Each structure stands twice: as C-alpha cells, then as structure tokens.
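Remarks on the structure that follows.
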Amino acid sequence: MSTETPLIGNFHAAPATTPLGGARIGVVTFPGTLDDRDAARAIRLGGGTAVPLWHGDESLQGVDAVVLPGGFSYGDYLRAGAIARFAPLMSRIIDAATASSGTRLPVLGICNGFQMLTESHLLPGSMVKNEHLKFLCKDQVLQVENTSTAWTSQFTPDELIAIPLKNQDGQYLADANTLEALEAEGRVVFRYVGENPNGSRNGIAGISNETGNVVGLMPHPEHAVEAGYGPDDATGMRNGTDGLTIFTSVIASLAGSAQ
Amino acid sequence: MPRIIVEVMPKPEILDPQGKAIASALPHLGFTGFAGVRQGKRFELTVDGEITDEVLESARTAATEMLSNPVIEDVISVRVDDQDAA
Amino acid sequence: MPRIIVEVMPKPEILDPQGKAIASALPHLGFTGFAGVRQGKRFELTVDGEITDEVLESARTAATEMLSNPVIEDVISVRVDDQDAA
Amino acid sequence: MTDKEFNIDTVEQASTTPDTDLPWAELGLKSDEYDRIVEILGRRPTAAELAMYSVMWSEHCSYKSSKVHLRQFGEKVTEEMKKDLMVGIGENAGVTNLGDGWAVTFKIESHNHPSYVEPYQGAATGVGGIVRDIISMGARPVAVMDPLRFGAIDHPDTLRVLPGVVSGIGGYGNSLGLPNIGGEVVFDSVYQDNPLVNALAVGVMRHEDIRLANASGVGNKVVLFGARTGGDGIGGASVLASESFDDSKPSKRPAVQVGDPFAEKVLIECCLELFHAELVEGIQDLGAAGISCATSELASNGEGGMHVELQNVLLRDPTLTPGEILMSESQERMMAVVTPENAAEFERVMAKWEVEYSWLGEVTDTGRLIIEWDGETIVDVDPRTVAHDGPVYERPYHRPAGQDALQADTFRFSEAGKDLPQTGQELGGALVELMTSPNMADVSWITDQFDRFVGGNTALSQPDDSGVIRVDEETGLGVALATDANARYAYLDPYTGAQLALAESYRNVATTGAIPMAVSDCLNFGSPEDPEVMWQFAEAVRGLADGCQQLGIPVTGGNVSLYNQTAGRAIHPTPVVGVLGKFDDVGRRTPSGYERWADGQAIYLLGVTADELDGSEFARGRGHLGGMPPAVDLEAEKKLGEILINASRDGMIDAAHDLSEGGLAAGLAEMSLRFGVGARVAVDGLCERDRVDPFTALFSESQARALVALPRSEELRFTDMTTARGFAALRIGIVDATSGDLEVAGPFDGGSFTIGIDELREAWSAVIPSRFASLSEATEAVRQEK
Ligand SMILES: Nc1ncnc2c1ncn2[C@@H]1O[C@H](COP(=O)(O)OP(=O)(O)O)[C@@H](O)[C@H]1O
Ligand SMILES: [Mg+2]
C-alpha cells in the first residue's frame, strides 16, 4: 500500500495504534502554511494522532494540544503571522491556552506559528527581519534550557540538539524588562549555540509563556524527526532526529495528565 | 477615490535591521551626511465613498490593531490624503 | 537631529500582493468600507547637521537610486520633516 | 455590461473595412505572417484576433524557428524508450511512470530577459511559471531547481543581478513550500547583460490524477480563476491603436511583472483539491500569451470549439482593452473546464480558498473559438490556426566561419598551455586556485537562501550530485534530478557539447544511485536569424536527440530560449539538460563525500583519463578557450551508471562523486569538503596505466569517470563487478578521517602535496560571499518587503 500525497488539511494520519496514540494533536492550516504535513508526520512518528484543523473553523474538535506550523501564512505580507492571528480558530486557541479554569491547552508555535503567537500576544516580544536580511536555511544547534514545559519535558536539562533553521524574519526582539523577566523566570526554552544566526536578543530561539503550556520557537523540530531527512548528525548525513523529543514530550505529558 | 494614509515606523528603541543596512550602504554609494536611516511602512487605504469620521476612526483602529504591531512599531499618523488621487 | 522623509509606493499599474492581502483581510476583521490597500515604504533619514539644499538633493538621488526600485516603485515625496524629532 | 468606451473592433467591422491599417509589425509579425492570417480568416483580423495571433505566433509560443529541429526528440525515440512515458512532448510537461501507481512530471523553463530587467521579480515569476505547468498536469509540485548563469563575478552588473535573482528564487520557491534540491551557478562574461535564469519544477501524482489541457464535453463551462488580469507583459502603451479609448488615455502598462507567491501557494492547494474531487475536465495554466493561449489550446485540443464572454474577466486594471486582456501575462491564473453539474462544488472550493474566479463561457462543437465583448463578436477563429498552425521556419544555418580555427586552437599548443604545474607544490597550488575560482567555489551562500527541508522528503540536495525526493513515504520510492550544461564545450562543438551536458546530468543522477529515466531541456541560444547561431542550435538538438536515443531515455519536454544576445554578441550555446532518475528506495542514495566514520575506506577511480584539457576549468583559469571538448562515450556512461547504481543497491559503496569540471583534482577536493574528511591519494598508478602526466591526471576533464569510497570488505565484490563489465577501476587512495588533510602523491617533484581541508574550505567558501554579501543586504532591504 502506498500513502497518497496528502492534500493540505487532509493528512490521512494513521489511526492510533499505540497506547499514547490517543493523544490528539491539532495541526492548523492557514492559507500559505507550508509545514503542516511535516508537523502531522512528526506527531504521528511521536506516537500521537494528528488532527487537521482549518483556520476558518470555530471548533478545536476536542484536541488535546495544538501545533501552529511554519510557512508563510498570507505570504507573511504586512508582518509575519500578522494576518493569520485574526483567524477564527486563533481566538479559540487563545481562549483555550489561557483558560482560567481547568488545564490549559498546550500550544506549540513553530517559526510562522511562533510569529503568530507573538502577534497575538500569547508570547511576549516580536520577530523582525534577520540581522543579515536574508532567508537562511541551515542546521542549527540549540540548547534546551527549560525542560519543565509541556513540550520539552523529555529533554535533559541543557541538552544540545540540532534541528533545521529556515526563516527570513527570525530575529527575536523584546524590551529590556521583558528580556529580564524571561531570563529570570527561566522562560527562555531554547537558545542558539554558536554564532547567533539572525541577531536575536540574548540568542533566544524559543520561549514559553508563564505557565509553560505555550511554547514558540523559530527552528523547525518537525524537520528533524526521521533519519535520512533531517539535519546531519554524528551518525551521518541527515540522520538527526532531535526534534522528535518535542512531540514525544507533549504526548507523554498528555498521557500523564489524563491519568 | 478618496484615500487615507497610514504611516507606521519602527519604535525608536528597536533596532531596525533594514534601516541599519541602508545607513551603512549609503556612504559606499557616495551619499554622505546621513547619520541614520529608519524604514517604516506607508499604507494607502482607498475608501469606497466619502471619508466620514466613522471611516477615519475605523482606519485608526485598523492601524493600531492590524497594520502595526505595538511591540515594535508606532503608528505615527492616520490622515486623509490631501493630494489628488493619482 | 533634523530629518528627511522619503516616501515610496508601488507603481499604480504594478500588482501589490501585500496591499491585496491586507485589503482582503480587513473585512474579516470588521473593517469595511475600504476598496483597496497599497503598501509602500517610508524612510526617515537623519541628517548630521543642517539640511542644506545639497543634502536634500542628495536624499532625492538616494531615493530614486537606492531607496526605491524604479522599475516597480515611485518615489512620491522627499521632504524635510516638519515635526519635531520623536 | 461594462461601462467602457472602446472602439471595439468587431468581426463584422473587420469584414466591411478590409483596408484598416493594423499594427502587425509593432506586434512582431512579419508581413508574410500577417498575409497568412488574412488568408486563414478570409478577411483582415480584428484587433483582438491580431493580438491573439501575434502572441501565439511569436517565437516564444510557436517555436517557429526551432520546431523543425525539435521534431527529432519525437522521431529518435524507440518503443523501448516510450515504455514509461505516459504523456509525451506537447503537453504542459511530460509524465513518466514511476510504478506503484505513481507518476512524475518535470520541466525546465527559462526566464532570462525578465531576470535581467528586474532580477528579483524576474526570477520569482520564473519559478511561479514553471510550477504552474506542473500543477496543470494534475501533479503536486514537490521540488524546484535553478540552473543559473551570470556575467563575470567581478562585473558591477553581476552585483546587481545575482543577489536579486537568488532572493527572487528563494522568495517565491520558499513561500510555495517547495524544497530547492539543486541547480547550477556559472559565471562567464558571455552572460554579461544576458544572464540565464532557468527553473525546473518536479511534481508527482497518482496515475488517475493526470490532467491534460483540453476542453472536452460540449456545454461544459470555462472558468478563469486565481489572480485578476492586469496589464502585465503587454509592455508600454497599447500598440493596438484601433482599440484606444475614445476619451481618456489608458493607464500605463507595467514594465515588469510582480509575483505573488502567496496567491500561487493557495492556487496549488486549491487545484489539488479540485483534482482530488474530480471537479475539472481539463485545465491549463496561464503563462506567456495568457488567455489567448489558454483558450486556443484548450479548444483545439478538445472538442474544437469554445465560446467566451471576455468582459467577464476580472480585471486589476479596468482600462484594459479586449486585445490587451487576451495578451496579458498576469501571473497566478489558471483556466479550467467544468461540467455544469460540478459548477456549484467548484465554487465551494474557490470560496474555501478565497480564490476569485469568473465563468467565461462554454465548450462548443462548432470548431470555432468565438470571443464576445458585450454581445459583439470580436474573435471568430479556428483555434487550431492560432495554437498549432503557426509559421514554421527552416532557418538557414551554416558552420561558423571561425569554427575550424577555434577547434584548431588547442590548449596544449597555446600560449596559455605553457609552463604547466609539475612539482608537487605547483600542482597543489593549482588545485587550490582551481577550487577558489568563481565557478568551482562553494555556492552555499546562495543555496542557504533556499529551503531544502520543507515537505520532509528531501533525501539529497546541494551540494550532492543530484537532488533526491521521496515520493512514497511507505516504500521509499523516489526520484533524483540533476541539471547540467557546459557552454564552453558546446561552443567548441555544439553536437558534442549537448551530449556532454546530457552525459553529465545522467552521470550525476546515476552517481547518487538512481536509474536515469527521462530528460527535460532548456535550450538557451542567441538569435536564430544568425545562421551561425542557428547552426549551433541545430547541432545541439541533433546531438541531444542522438544522445538520448543512445542512452535510451526520452526527452519529455523542455523549453527553447532564443535571442540571448546583446549588442550583436550571442551567449555561448547553453543547452541545459535535466535528467530524472528513479529510486525504489531513496534510503540507499549515495552521498558525494566520505563521512567521518568512513575512515580507512578505499577510494577508487572509475573510468579512463586521457589528455583532455580543451574547454576545461583549468584552461578557463588561464583565459583559454579553444580546441575540441572531451570525447563523449555514451556506452561508457551507461556502464559507469550501471556500476554506480548496482553498487548503491547492493550497499557496496558509501560515497560516490562524478568527475566533471575540474577533473580528478576537483573531485577529490569536493569529496573531502563535503563532510570535512581528508584522504590520502596517489596518482602513480593512474599516470602509468593511462599514460598521462600528473598534471593531466589531475586536471583533465575526461568523461565517464567517477570516484567512489567503499569499505575494504566490499573491495573484492566491487572489483569483480567492474572487471566483469570491463570497466576501468583503480584504487587510488584511502579515506583519512584523522589528519584533516587531502594528501596527493604521485610521480612528481616533492613526492606529494598536502592541503588542509579546513583552510581550503575557508578560501573556497569565501569566494561568493566576499563578492555579494555586504552590498546585497542594503539592496535586499529596499527591494524586498516580506
Ligand atoms: N543555483 C543553485 N541552486 C541550487 N543548488 C545549486 C545551485 N547551484 C549549484 N547547486 C548545487 O550545488 C552542487 C554543486 O553544483 P555543481 O558543481 O554544478 O554540480 P555538478 O558538477 O555535480 O553538476 C550540486 O548539488 C548542485 O545541485
Ligand atoms: Mg556532479
């Protein structure tokens, strides 16, 4: 049997076969989203079930977590993520992620998704054009500095991971007070190791909200989940799968909170 | 058709990578005497009909809520275009 | 420091994908009554010293040669900023 | 009803005013071509008809100068070559069967002149155009490639063109979610003022999803969807004088087209949804010649008739005249044929993706393409006469007067061929110089601006020999693609040069382990009206067609770009050849360098080295171009390919890299640079076996050669295979992962030379950024706003 080339918004995700597969993780597609299929694959390889969600819908379909994938929603015209954050589904996600009662929805924003999270103020700061002004695609080493978020619980503290970086507007900015607070509260989740690839303040690659359920990062963990198609690592060309841990982390934490 | 002009600039305290690159390139091209450059955005909103106070108010809201990001940008003006439409 | 403002807009006959995307998003956010949007650029050039005619001329040249792409954009104004520097 | 006041030139008016002057010459038609139109119609054409014929009969759309030669691609095809060909030349792109119900379609196109005028937008819309060709076959585009050629690296205009082209390709391709898996970067002053920006797109589909450009089913509806139509590509003020406004002047027409990659990305998804739900009967992208092309091709490939209400076209610029609407080349548009029953469902898909559309008319069986404007007939033609019966020229051609002298001017006997490096030190210095020359330098400053990960199916990309994309996630079925052209070889001998481009591309695909299956080409030449250029073209096509026949792989499509010349000076003939190969499992693809764990593996040179330096990179370094290009031996290429493919399939080799520009020296350096792993090599055996001196051994560009690295445990099995096939294989060294050096020994003074890989990398990777990095930032800052 062969898998069909999935249409966007139609992932043909394999049904859950593992005990953790019960974790249903939504992947939102906006017009111009590019990495939704990759995010769905990562969820599947991580042991969960990917649920395609459409930006214009009003229902989260009862998913246990949401990934806002990368891409160029609305062409990144105006500002990256600026138009997408007004989508009806984004309001549902904002509500669910900041709910005052019950568990807060875990949300991961990757690249364009991170930009949407800052545009919608779920995460502080903002992204501007890379210091060198170019789109840059490279294998990037990160340090995982917070392992208590829903999305990073299975990393070891200060673990170094390699995942692809690819963006045009990846320079993270925030005012001094915000930066100080982020650092003091341990909310810098991922930091660039080595040369700062885009001029981000404090070398910040990813951050979380105060409660750790919302995480955004510029590099792409969903492109490092399958040997042969990821970044290079010590075992060989394109073998890196460090990104998978992000997806297994949330699936495990969902399983934990369900018990 | 009548137009409203919205102008948005990066906040002064925010480093503007594009402005910075232009500023550093200017002298190479023989343009001296400029201490700095900032690059912002200028929107022209064409209005379907007359520009009422209401429409202008709606443009102001759009400017702060969508056309700019308050974390990094300031709306520096929202005004009726006084020039003839081209 | 004194400033010169340069405004650049996409030529009217040229497709402006950004303006188009904004225009079609506005009604979804409840901003109706706008028939079209075009997005251009606004530059602030800070001048080191007084703004002489020479400096203004140099800004004009920079505007056409570097700050705009004459194939797809028009420089619609180069002028001394009359507002106080922010 | 529209409220416009045009002087609408109707068919009726045309029959009663035969003497009206029409601007056919301004529209690029020759007088005999105009006469032919009058003859076909039995009257003078209307302004709108003239617009259609003029664009459809242009060189670009009708292939009038190249057609008689291109026929060979169809004629020199055997039944065996056709067995996997599902759709051949003639459609938007050819389709090749991959097995398991999968098919693949790919094509290369040029966007040379627009990229010179406005590099960013020209290159961007080039990517956009080729991707739409792929979509219109029913396929999901899965990757792009970009063979590029620029003027001299240190020329100021290259500084303007290259950064714009590169960010345009990235800006558009990255926004579509298509990984960039390869291409070429060549600098040569022959491309000054005439850069070549070619773009390749590849797409995959299930067999049942193949769609063709035809309008069948009488009563079916014709719809135009995507972006609105603007004055793009019409250029300057309207030349259709008879159509000008009564009162006001038309607004300006854009000098260049601006791409909207977001609109195209939405169009891709929207089309795939249409295909999936089987909502379209026929589909055609709108490229050059816009609606003229789409309506006439759809109609003539289908039932033969179509009725169109042109005033229904949604416009970006309301001042466009009917003729201009027919000619407009606005991007990101598609035309489809939909049954009335599916119309509502079609509209639902458009609404979901927020794509604008307008119903233009319907398919008829009248054999006529009738276009109306507000109830008046402005076009009444047999669509075949527009789409297929364009003029065909047998342009005169002859061998250039200077060709014999050029071929006689061999490198060895030239001034430049004196004082060749001999000692170890000189040879090592020459290698470093070669690798830090603009054409051998690291291109990652360019390719790092392209997304190679998106989609999660990229198994190989730059800098490996071919780009490899997984098609089926469960089986690993996939494709490999490479594009190549060596215009210096083609200039010396276009017949051989075209075959060398084919051979190199074939070899690149085989080197990664894929089985070559199909060819697409983009033939970039000067003016066909110059008999010497025409000879280059004729020779190149003949060479390519013969070569494909010998290799047993068909040409499935391509593109011709003529008139690439400035101030009377033509570019070197540049036949860019793309070869597509197939993997049963892309997991066995072979990388082009030794990985760190491969320490101690044996390095073999496959193939024979002769004294072939004419047209070489070494000769270029010394400013020489003359003599005869390397000999082609396609039988040897095939054998080499089989060895590389079998070795990969049987897991014998862990790295392989073909030898091409720069010869063995470049091959060794590139293999070490790939993962920063050194090697120890000796060329004594090679010099002795092939009777060449060390300089020739290192810098000759003999074809059908490759380097491979394999574990010692596999050596016997491997050499048994090469011996059985009678193919030369020589162990020349071992991988050395500890020293960080490339050490080359041989029968030369000094015994050996050593090059530190890190130092070499530093110099090699600095060449391009040191020229383009700083200034382009500022240019980028203003040119691009995203
Ligand atoms: N413009 C480009 N875009 C993408 N990849 C490129 C480009 N130019 C070169 N490459 C890639 O860089 C590598 C080296 O190119 P080249 O030396 O031309 O390869 P080869 O000699 O094997 O044909 C190849 O993987 C090629 O696909
Ligand atoms: Mg190669």
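Remember, predicted model here, so these are calculated numbers, not experimental data. So that the names make sense, note that chain A is the first sequence line, chain B the second, and so on, each numbered from 1.
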Toward chain B, the part of C:A59 with a non-hydrogen atom under 4.5 Å: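 Answer is both: backbone and side chain atoms of C:A59 are under 4.5 Å from chain B.
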
Toward chain B, the part of C:L29 with a non-hydrogen atom under 4.5 Å: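 Side chain of C:L29 only, per the 4.5 Å heavy-atom cut-off to chain B.
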
Donor-acceptor contact present, side-chain C:E57 to main-chain C:D53, <3.5 Å: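 A pair under 3.5 Å: no.
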
Donor-acceptor pair, side chain of B:D16 and main chain of B:Q18, under 3.5 angstrom: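 Yes.
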
Side chains of B:T46 and C:F34 in contact at under 4.5 Å (non-hydrogen atoms):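 The answer is no; the side chains never approach within 4.5 Å.
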
Salt bridge flag under 4.0 Å for residues C:R42 and B:E7: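 A salt bridge is present here (some side-chain N lies under 4.0 Å from a carboxylate O).
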
Part of B:E65 within contact of chain C (heavy atom distance under 4.5 Å):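 Only the side chain of B:E65 comes within 4.5 Å of chain C.
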
